There are 2 protein chains.
Amino acid sequence: MIKLTAQRQAILDMINQSNQHWDAELLARALSDAGHSIGIATIYRGLTALEKAGLIQAIHLGDKKRYERSDKAHHDHLVCRSCGSIEEFFDEHIEQRQRHVASQYRFQMDGHQLLIFGICQQCLKLSMKGEQS
Amino acid sequence: MIKLTAQRQAILDMINQSNQHWDAELLARALSDAGHSIGIATIYRGLTALEKAGLIQAIHLGDKKRYERSDKAHHDHLVCRSCGSIEEFFDEHIEQRQRHVASQYRFQMDGHQLLIFGICQQCLKLSMKGEQS
DNA sequence: GTCGAGAACGATAACCATTATCAATAATAA
DNA sequence: TTATTATTGATAATGGTTATCGTTCTCGAC
Ligand SMILES: [Mn+2]
Ligand SMILES: [Mn+2]
Ligand SMILES: [Zn+2]
Ligand SMILES: [Zn+2]
């Protein structure tokens, strides 16, 4: 149903060729660097259209919305408060329990978002180095 | 450490006397209706200060940040896509599993947010009524 | 009690992510 | 070809939040 215009194809390619969690602004810069200068409004519209078509998926992270490939299976995210890095995980127990909770509340679940915040392994190592004088 | 000024006390009271998940604007209107006309900047600053002091807790819901009492135990939220209502739940299995995942990834978790989206029981009932002509 | 430093306040400007507007262009259908 | 419709890009507008700044409040030192 979605029309894959040159601009939308460029956006989709950029996202599919990486494992990043892109926001609109970052994507605009990357596309510009790659030779595609696409208006920022077109990028926002393209992202919305591609998400609705199921070709990419999104997460809400604090203030901004971030997009990633949709060809990987569902997963949730560990977000580092120090460096901003995002790790992915999947836990079937958690997924199951969510369905269980929803059914308990007679709630027709159609999605969820689980963010775990903290400090990633890398940042922990760095902070340990820094502490010992 | 936090100084509970008249304005901050009014904000805190309003939140503590209810079970709502308040955003800044809603709170400003409610306070104004209750006779406290507090500048919107002061409300934002007050909410930030009260949260840092642990007197209220916050969740990020899409675009806006919402605040609720902190005297209730930790819980997560079921958010209705149709009416916007928020139900609360707690599931120890999910909490446990999160800790497990974090430790697997050597990730020092210091918080999390789980939002389950869908249609609440009420809205389901209403939509069924609407469907049968 | 007076003084002064620092905290808090309120009005408002600024910020930033996102969406709306609109004229120009491209694609599609008749 | 011509009419219709969708898409684009520049830019204005929106909405939530934060920054600025002059004024007011608080409170301990004197
Ligand atoms: Mn991901
Ligand atoms: Mn709650
Ligand atoms: Zn990190
Ligand atoms: Zn509902």
Side-chain angles (χ1 to χ4, degrees), chain A residues 1-15 20-53 55-68 77 79 81 84 86 113 115, chain B residues 1-15 20-68 79 81 84 86 113 115:
Chain A
M1 204 84 294
I2 189 181
K3 198 188 299 181
L4 275 184
T5 63
Q7 290 89 339
R8 290 176 183 172
Q9 189 65 60
I11 294 170
L12 183 56
D13 287 346
M14 184 66 73
I15 293 173
Q20 287 189 57
H21 299 83
W22 298 90
D23 64 57
E25 214 60 56
L26 192 67
L27 200 52
R29 246 172 294 135
L31 284 166
S32 169
D33 291 351
H36 305 86
S37 95
I38 304 178
I40 188 65
T42 300
I43 288 180
Y44 276 104
R45 279 182 303 230
L47 287 170
T48 302
L50 289 168
E51 187 194 3
K52 200 178 317 177
L55 297 177
I56 57 178
Q57 53 184 319
I59 56 172
H60 282 277
L61 215 159
D63 44 349
K64 55 182 75 164
K65 202 168 177 183
R66 302 171 79 134
Y67 296 87
E68 63 180 316
H77 298 94
V79 182
R81 290 201 138 103
I86 300 178
Q113 176 169 287
L115 296 174
Chain B
M1 207 83 297
I2 189 181
K3 196 188 301 182
L4 275 183
T5 64
Q7 290 88 340
R8 289 176 183 173
Q9 189 65 59
I11 294 171
L12 183 56
D13 288 347
M14 184 65 74
I15 292 174
Q20 287 188 56
H21 300 83
W22 298 91
D23 63 58
E25 214 60 58
L26 194 66
L27 202 50
R29 246 172 293 134
L31 285 166
S32 168
D33 291 351
H36 305 86
S37 95
I38 303 178
I40 187 67
T42 300
I43 289 182
Y44 276 104
R45 279 184 301 230
L47 287 170
T48 302
L50 289 167
E51 187 193 3
K52 202 179 316 178
L55 298 176
I56 56 177
Q57 54 184 318
I59 56 173
H60 281 277
L61 214 157
D63 44 349
K64 55 182 75 163
K65 202 169 177 183
R66 304 174 74 137
Y67 296 88
E68 63 179 315
V79 182
R81 290 200 137 104
I86 300 179
Q113 176 170 290
L115 296 173

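Numbers restart at 1 for each chain; the letters A, B, ... are given by sequence-line order, proteins then strands. Note that these values count all heavy atoms, side chains included, but never hydrogens, waters or copies made by symmetry. If you're wondering where the values come from, they're calculated on a predicted model, not measured in any experiment.
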Q: What is the nucleic acid contact for B:T5, judged by heavy atoms within less than 4.0 Å: base, sugar-phosphate only, or nothing?
A: sugar-phosphate
Q: Calculate the interatomic distance between B:L12 atom CG and C:dA8 atom C1'; express it in whole Å.
A: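 Atom CG in B:L12 sits about 17 Å away from atom C1' in C:dA8.
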Q: Regarding A:R45, tell me which of base, sugar-phosphate or nothing describes its non-hydrogen contacts under 4.0 Å with the strands shown.
A: base
Q: Name the closest nucleotide to the A:K65 side chain, picking from C:dA11, D:dA10, C:dT18.
A: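 Closest nucleotide among those given: C:dT18.
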Q: Tell me: NZ of A:K64 to P of D:dT17, nearest whole Å?
A: 16 Å
Q: In whole angstrom, what separates A:L4's CG from D:dT8's P?
A: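 Distance, rounded to whole Å: 10 Å.
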Q: Restricting to nitrogen or oxygen on both sides, can you table the protein-nucleotides 25-27 of chain C pairs closer than 3.5 Å?
A:
none

Q: Taking all non-hydrogen atoms of both residues, which atom of B:G62 and which atom of A:H60 are closest, and how far apart?
A: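 Nearest heavy atoms, B:G62 then A:H60: CA-ND1, 4.4 Å.
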Q: Look at B:Y44 and D:dT18 and indicate whether a side-chain polar atom (N or O) is within less than 4.0 Å of OP1 or OP2.
A: no
Q: Roughly how many Å is it from CG in B:D63 to C1' in C:dC16, rounded to a whole number?
A: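 Atom-to-atom, B:D63 to C:dC16, this comes out as 14 Å.
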Q: Checking all strands, does B:Q7 fall into the base, sugar-phosphate, or nothing category for heavy-atom contacts under 4.0 angstrom?
A: sugar-phosphate
Q: Within this structure, what is the CD1-to-P distance between A:I43 and D:dA10, rounded to whole angstrom?
A: 11 Å
Q: Would you say the side-chain atoms of A:S32 pair up with the backbone N or O of A:A28, donor to acceptor, closer than 3.5 Å?
A: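 Checked: no pair found.
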Q: Indicate yes or no for a side-chain donor-acceptor contact from A:Q7 to the backbone of A:I43 under 3.5 Å, with no hydrogens or angles considered.
A: no
Q: Without decimals, in angstroms, what is the distance between B:R8 CZ and C:dA8 P?
A: 5 Å
Q: Between A:H77 and A:E68, do the side chains contain an N or O donor and an N or O acceptor separated by less than 3.5 Å?
A: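 Yes.
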Q: Using modelled atom types only, decide if a donor and an acceptor are shared between the side chain of A:T48 and the backbone of A:Y44 within a distance under 3.5 Å.
A: yes
Q: Rounding to an integer number of Å, can you tell me how far B:I2 CD1 sits from D:dT26 C1'?
A: 16 Å
Q: Are the charged groups of A:R66 and A:D23 less than 4.0 angstrom apart, N to O?
A: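 No, this pair does not count.
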Q: Using the closest heavy atom to pick a nucleotide of DNA chain D for each, name whichever of A:G46 or A:I40 lands nearer the 5' end.
A: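 Mapping each residue to its closest nucleotide by heavy atoms, the 5'-most match is A:G46.
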Q: In whole Å, I'd like the distance from the CZ atom of B:R66 to the C1' atom of D:dG16.
A: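 Rounded to whole Å, this separation is 13 Å.
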Q: In Å and rounded to the nearest 0.5 Å, what is the CG to CD1 distance from A:L50 to A:I56?
A: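 Reported to 0.5 Å precision, the distance equals 4.5 Å.
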